[in-house]
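Below you'll find the structure, written out as C-alpha cells, and then a few comments.
Predicted model, so just to flag it, every value in this text is computed and none were measured. Because only heavy atoms are used, hydrogens play no part in the values below, and waters and symmetry mates are left out as well, while side chains stay in. Residue indices begin at 1 and follow the sequence shown.
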Amino acid sequence: MAWTTPTTRSVSELITPVEWNIDLVDNLLYLYSRPAASYTGVAGGNYTVTSTSYVALDATNLKLTLTTSSGRVLVGVIMNAAGGATLAAGFRVNIDSGSSYGYWGDSHQVSVTPSVISFAPLLLTGLSAASHTFQLEVKVNGNTMTIYRGTAQPVRFWVMEV
C-alpha cells in the first residue's frame, strides 16, 4: 500500500465512501504499517573484517530489499564487536549496488573487549519510489575486527520507510 495525496475538497462537496477510503482510511493504514525489512543474526559464526576498503559484511544476510513510496528511509544497525587497541572501523550502507551510499563514518573506535556498537538511525532521502536494496558494508584501518553473531550477541540490521 502506498501513500495517496488526498484530494482538495471544496465547501459543501459530498464525499463518497470510495473517496473517503482513499483519502483517509488507506493513508492511515499506510502510516501505521510502513514498509520495513530486518535481519537478526544469531547463528552462523562470527564475522572477521580485515579489509581497509569497504566490503559487504555478509552479502546474503545483511542485504535487505524494501519497496518505498516516500523516498525516505531510516537504516539502523546494532552489533557487538572487538578489535586491536588502535582499531578504527568504518560503517556504511550501499544502496542499490553502489548507486549511492549512506555513511555512519570512517573512524569509529572499537574496543579490545567485545562491546556494543549502536548507531543512531541513518536517515536517507531522495530515493525513488521503487524497490531498493540496502547492503551493510564495513572496513578497518589495518587491524582485525571481530563482529559477533550469536544468541547472546546478535547482529541487527534494519531499514524502514518514513
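- Side-chain contact annotation: E161 with S70, donor-acceptor N/O pair under 3.5 Å present.
- In terms of heavy-atom proximity, V93 sits nearest to V75 at CG2-CG1, 3.6 Å.
- Residues near V112 contribute nothing to a hydrophobic cluster around it, because no ILVMFWY side-chain heavy atom sits closer than 4.5 Å to its side chain.
- With sequence neighbours excluded, no residue satisfies side chain to side chain donor-acceptor pair (under 3.5 Å) with T4.
- For the pair G83 and V110, the tightest heavy-atom approach, listed with the atom from each and the gap, is N-CG1, 3.9 Å.
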(request) Could you please spell out the steps behind the side chain to side chain contact (heavy atoms under 4.5 Å, CB included) verdict for N61 and K63? (result) CA-CA 6 Å; N61 296 311; K63 186 175 188 176; over 6 Å; no
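- Among all heavy-atom pairs drawn from S131 and T67, the shortest one is CB-OG1, 3.7 Å.
- N141 meets the side chain to side chain contact (heavy atoms under 4.5 Å, CB included) test with L87, A88, N143; sequence neighbours excluded.
- Checked against side chain to side chain contact (heavy atoms under 4.5 Å, CB included), T52 has no partners two or more places apart in sequence or in another chain.
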(request) Let me see the working for L127 and V73 under side chain to side chain contact (heavy atoms under 4.5 Å, CB included), right down to the final yes or no. (result) CA-CA 8 Å; L127 298 173; V73 297; 3.8 Å; yes
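- Connection of L122 to V138 is established within a shared hydrophobic cluster, with ILVMFWY side chains joined at heavy-atom distances below 4.5 Å, either directly or through further cluster members.
- Between D23 and R9, at least one side-chain nitrogen of the basic residue sits less than 4.0 Å from a carboxylate oxygen of the acidic one, meeting the salt-bridge criterion.
- Between V42 and T40 the shortest side-chain heavy-atom distance falls below 4.5 Å.
- Note: I117 CD1 to S111 OG = 8.0 Å, rounded to the nearest 0.5 Å.
- Inter-residue side-chain proximity for N80 and I147 is flagged as unmet; no heavy-atom pair is nearer than 4.5 Å.
- T68 is not listed as a side-chain neighbour of P35, based on a closest heavy-atom distance of 4.5 Å or more.
- With sequence neighbours left out, the side chain to side chain contact (heavy atoms under 4.5 Å, CB included) criterion links S10 to E13.
- Using a 4.5 Å heavy-atom cutoff, the side chains of S38 and R156 are not in contact.
- Counting only heavy atoms from C-beta outward, the side chains of L136 and D58 never approach each other to under 4.5 Å.
- Between the side chain of N46 and the backbone N or O of R149, at least one donor-acceptor pair lies under 3.5 Å.
- Annotation: side chain to side chain donor-acceptor pair (under 3.5 Å) contacts of R72 (sequence neighbours excluded): none.
- Atom CD1 of I15 and atom CG of N21 lie 11.5 Å apart (nearest 0.5 Å).
- Each ring-ring contact (aromatic ring centres under 6.0 Å, His included) pair with one or both residues in residues 133-162, not counting sequence neighbours, would appear here, but there are none.
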Tabulate below the donor-acceptor pairs under 3.5 Å that side-chain atoms of residues 94-104 make, not counting sequence neighbours, or state none.
unit_1	atom_1	unit_2	atom_2	d
N94	OD1	S97	N	3.4
N94	OD1	G98	N	2.5
N94	ND2	E137	OE2	2.9
D96	OD1	T133	N	2.9
D96	OD2	H132	ND1	2.6
S99	OG	I95	O	3.1
Y103	OH	R92	NH1	3.3
W104	NE1	A120	O	3.0

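- In this structure, T48 has no side chain to side chain donor-acceptor pair (under 3.5 Å) partners at least two apart in sequence or on a different chain.
- For Q109, there are no side chain to side chain donor-acceptor pair (under 3.5 Å) partners, not counting sequence neighbours.
- Checked against side chain to side chain contact (heavy atoms under 4.5 Å, CB included), S53 has the following partners two or more places apart in sequence or in another chain: S51.
- With T16 contributing its side chain and E19 its backbone, the two residues share a donor-acceptor pair below 3.5 Å.
- Within the structure, ring-ring contact (aromatic ring centres under 6.0 Å, His included) pairs that include any residue of residues 38-96 comprise F91-H108, F91-F119 (at least two apart or interchain).
- Residues Q135 and A59 approach most closely at NE2-CA, 3.4 Å, considering heavy atoms.
- One finds the CD1 atom of I22 at 12.0 Å from the OG1 atom of T5 (value rounded to the nearest 0.5 Å).
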